[in-house]
Amino acid sequence: MRSDTVTRGKQQAPHRSLFNALGLTPEEMDRPLVGIVSSYNEIVPGHMNLDKIVNAVKQGVAMAGGTPIVFPAIAVCDGIAMGHIGMKYSLVTRDLIADSTEAMALAHQFDALVMVPNCDKNVPGLLMAAARINVPTIFVSGGPMLAGHVKGKKTSLSSMFEAVGANAAGMITDEDLCEFENKTCPTCGSCSGMYTANSMNCLTEVLGMGLGGNGTIPAVYSARIRLAKQAGMKVMELLEKNILPRDIMTEKAILNALTVDMALGCSTNSMLHLPAIAHEIGMDFEIDFANGISEKTPNLCHLAPAGPTYMEDLDEAGGVYAVMAELNKKGLLHTDCMTVTGKTVGENIAHAVNRDPEVIRPIDQPYTPTGGLAVLKGNLAPDGSVVKRSAVVEEMLVHEGPARVFDCEEDAIDAIKGGKIVAGDVVVIRYEGPKGGPGMREMLNPTSAIAGMGLGSSVALITDGRFSGASRGASIGHVSPEAAVGGPIALVEEGDIVKIDIPNLRLELDVSEEELAKRREAWKPREPKVTTGYLARYAAMVTSGNRGAILEIPGK
């Protein structure tokens, strides 16, 4: 066992003395050491229950003959970080999480790992770490929040942000806004729609790294505690059989995840995280993969913000396995992929049942014949951009209008709330990309303001930043190359006509090549917004959004 390096032999007497200081007995040192990566904290609602999940995992590991040892991972609440400098620190934590987990796991020579994440960057960061460390590993998340209830309707965090816009437009009262504030987020857990956290927890199941129910069992259900115990026991089986993350997270598994992503209508952020996970297994992930898979993958779910159903509804309908079973009716999945159950994908979903065809549409009655995400290219985004097609109203699938150009999110929000944005406009927010932000902030505040003010069916938003999974409408992000490196989005001028054609996967600026060449010659790089600390180091190493904003050493 790997832990023999620190527990066995005379040379390891000093190491054992430190284990003695931890209170471990010789019997515990003789067993496999299983690291439990706990993302528990008291600032993220999706993580406040993880102490209970971790304790259940520890029980499962111990029952199956292992020695569980807990160490931490950080996590940021994107909702609390939204709309201020804190959002610059959201995406960047993905790499901090991966790096610190790698350091802890290898420094202490754990034989196996159980990852206990829940929210947005925490899940992909730990999946990246699992691929790097490559010891037997299983995931069990904290689970989604239950939907809120306001005036007899289910609500989620996107409803809350849109309520702010509706209040600013005089469409709801201050009392109504207060009711949303007090009822929208009723329990612990990752926010209740198909936002980034729940997208990635569901895709963890698809990748084969989590047990069935990992993405959908609500945080407050006791079934979540049972799942955690099962995960703790199952990791010991993975250790015995030497089933490793890179045996599970293969190229076929990544393609499965992208396929189910399309069916579920996941967050556009999955198009940052799947390439980053793929990079860790040595797979060259071009985001254009998405269009080929989308072309043959029907969209089966309209979970919030795309529709009126929530994670608890998906769970009751049969969960991720039921969605996969529908897709498999047309042979859209690689069913021979190994998973943490010790069985293949095909074996896992063999008995899955779609219990609610209103929540999970049957494969022959989809919402649309194509998937939930689309990658758009054109002279405005030569390397690509991403839109959540399933959350765009039909009248905005094809749109053209004058560019309203802003060099930061705050200026755009002021203009939207000040009534300066009108029907037909295309809001362009730039210098918010991975390098330019730095950190590629989410634009939930402006998209929610647009929707809340009744402009969601007439105004588009384009950015080299990114969007929360809670955003809806013609919100096109990850525009690459970004403005900070001289991408065409940096050359857009007020009033230029922007043409959006989602069905034909095009994003064009109606400006001649000659004029763009003149503007490009006159363009000068901006001074970095941040010159010290982690954000400065991140900006120096981060690549573009179309590559998943992975980190690379400059010049290599």
Side-chain angles (χ1 to χ4, degrees), residues 91 124 196 199 254-255 257-259 261-262 265-279 283-297 370-392 397-399 403 426 428-437 440-443 460-467 469 471 474-492 498-511 513 516 520 542-552:
L91 179 60
T196 306
S199 295
I254 295 286
L255 295 177
L258 191 51
T259 299
D261 188 333
M262 294 298 170
C266 290
S267 163
T268 53
N269 281 313
S270 63
M271 293 302 292
L272 285 173
H273 302 322
L274 287 177
I277 295 162
H279 178 72
M283 177 184 177
D284 185 16
F285 187 113
E286 296 288 339
I287 62 170
D288 286 10
F289 288 161
N291 290 335
I293 289 179
S294 178
E295 190 64 30
K296 60 184 180 182
T297 306
T370 53
L373 298 180
V375 174
L376 313 184
K377 284 191 171 183
N379 68 350
L380 188 50
D383 293 339
S385 61
V386 182
V387 63
K388 190 171 184 176
R389 174 165 43 189
S390 61
V392 180
L397 290 172
V398 178
H399 177 79
V426 178
V428 177
I429 305 177
R430 62 192 181 189
Y431 294 100
E432 290 285 8
K435 285 185 180 293
M440 205 178 187
R441 288 196 288 180
E442 287 184 341
M443 302 292 151
L461 195 155
I462 296 171
T463 181
D464 53 6
R466 60 194 178 92
F467 294 106
S471 290
S475 303
I476 302 168
H478 309 192
V479 170
S480 301
E482 63 175 292
V485 298
I489 192 171
L491 310 179
V492 182
V498 176
K499 296 182 175 181
I500 300 165
D501 187 345
I502 295 173
N504 289 306
L505 309 173
R506 302 301 296 171
L507 181 62
E508 301 280 354
L509 188 64
D510 192 13
V511 174
E513 283 303 312
L516 286 176
R520 191 173 290 111
V542 71
T543 61
S544 65
N546 69 296
R547 295 188 60 201
I550 60 172
L551 300 186
E552 287 184 341

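Note that the numbering runs from 1 along the sequence shown for the chain.
Residue A276 comes nearest to I550 through the heavy atom pair CA-CG2, 3.8 Å, listed as atom of the first residue, atom of the second, then distance. A pairwise comparison of heavy atoms in G265 and K388 identifies O-CE, 2.8 Å as the closest pair. Smallest separation of non-hydrogen atoms from L505 and A374: CD2-CB, 3.9 Å. Scanning both residues, M271 and P275, for their nearest heavy atoms gives O-CG, 3.2 Å. For the pair G384 and I287, the tightest heavy-atom approach, listed with the atom from each and the gap, is CA-CD1, 4.3 Å. Across every non-hydrogen atom of A257 and L274, the tightest pair is CB-CD2, 4.0 Å.
Judged as a salt bridge (Lys or Arg N to Asp or Glu O under 4.0 Å), the pairs with a partner in residues 374-387 (not counting sequence neighbours) are, in order, D288-K377. Note on residues 477-491: no pairs pass salt bridge (Lys or Arg N to Asp or Glu O under 4.0 Å), not counting sequence neighbours.
Partners of R389 by salt bridge (charged side-chain N to carboxylate O under 4.0 Å, His left out), not counting sequence neighbours: none found. The side-chain contact (heavy atoms from CB on, under 4.5 Å) check on A483 picks up R430, Y431, D464, I489, A490, with sequence neighbours excluded. For T259, the side-chain contact (heavy atoms from CB on, under 4.5 Å) partners are I293, T297, L327, L332, L333, not counting sequence neighbours. Take A549 and apply the side-chain contact (heavy atoms from CB on, under 4.5 Å) test, not counting sequence neighbours, and it matches L91, R94, L272, P434, Y538, V542. Annotation: salt bridge (charged side-chain N to carboxylate O under 4.0 Å, His left out) contacts of R506 (sequence neighbours excluded): E508. Checked against side-chain hydrogen bond (donor to acceptor under 3.5 Å, both in side chains), N504 has the following partners two or more places apart in sequence or in another chain: D501. Every residue two or more places apart in sequence or in another chain that forms a side-chain hydrogen bond (donor to acceptor under 3.5 Å, both in side chains) with S544 is listed here: N546. The ring pair (Phe, Tyr, Trp, His ring centres under 6.0 Å) check on F285 picks up F289, with sequence neighbours excluded. Take E442 and apply the side-chain hydrogen bond (donor to acceptor under 3.5 Å, both in side chains) test, not counting sequence neighbours, and it matches N269, R466. Taking the side-chain hydrogen bond (donor to acceptor under 3.5 Å, both in side chains) definition, one finds that S480 meets it with nothing, sequence neighbours left out.
Distance check: H279 NE2 to H273 NE2 gives 15.5 Å after rounding to the nearest 0.5 Å. To the nearest 0.5 Å, atom CG of residue L516 and atom CG of residue N379 are 6.0 Å apart. Taken from CZ in F467 to CE in M440, the straight-line distance is 9.5 Å, to the nearest 0.5 Å.
Between the side chain of S385 and the main chain of L376, a donor-acceptor pair closer than 3.5 Å is present. A donor-acceptor pair under 3.5 Å links the side-chain atoms of T463 to the main chain of I429, judged by distance alone.
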Side chain to side chain contact (heavy atoms under 4.5 Å, CB included) assessment of H478 paired with V375: CA-CA 10 Å; H478 309 192; V375 174; over 6 Å; no

For T543 and L551: C-alpha separation, side-chain torsions, deciding distance, then whether side chain to side chain contact (heavy atoms under 4.5 Å, CB included) applies. CA-CA 6 Å; T543 61; L551 300 186; over 6 Å; no

Evaluate E295 against N291 for side chain to side chain contact (heavy atoms under 4.5 Å, CB included), listing each step before the verdict. CA-CA 6 Å; E295 190 64 30; N291 290 335; over 6 Å; no

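When each of V426, L509, V387, V492 is paired with I462, the side chain to side chain contact (heavy atoms under 4.5 Å, CB included) condition holds for V426 and for no other.
Considering only heavy atoms from C-beta on, L461 stays 4.5 Å or farther from I476 through its side chain.
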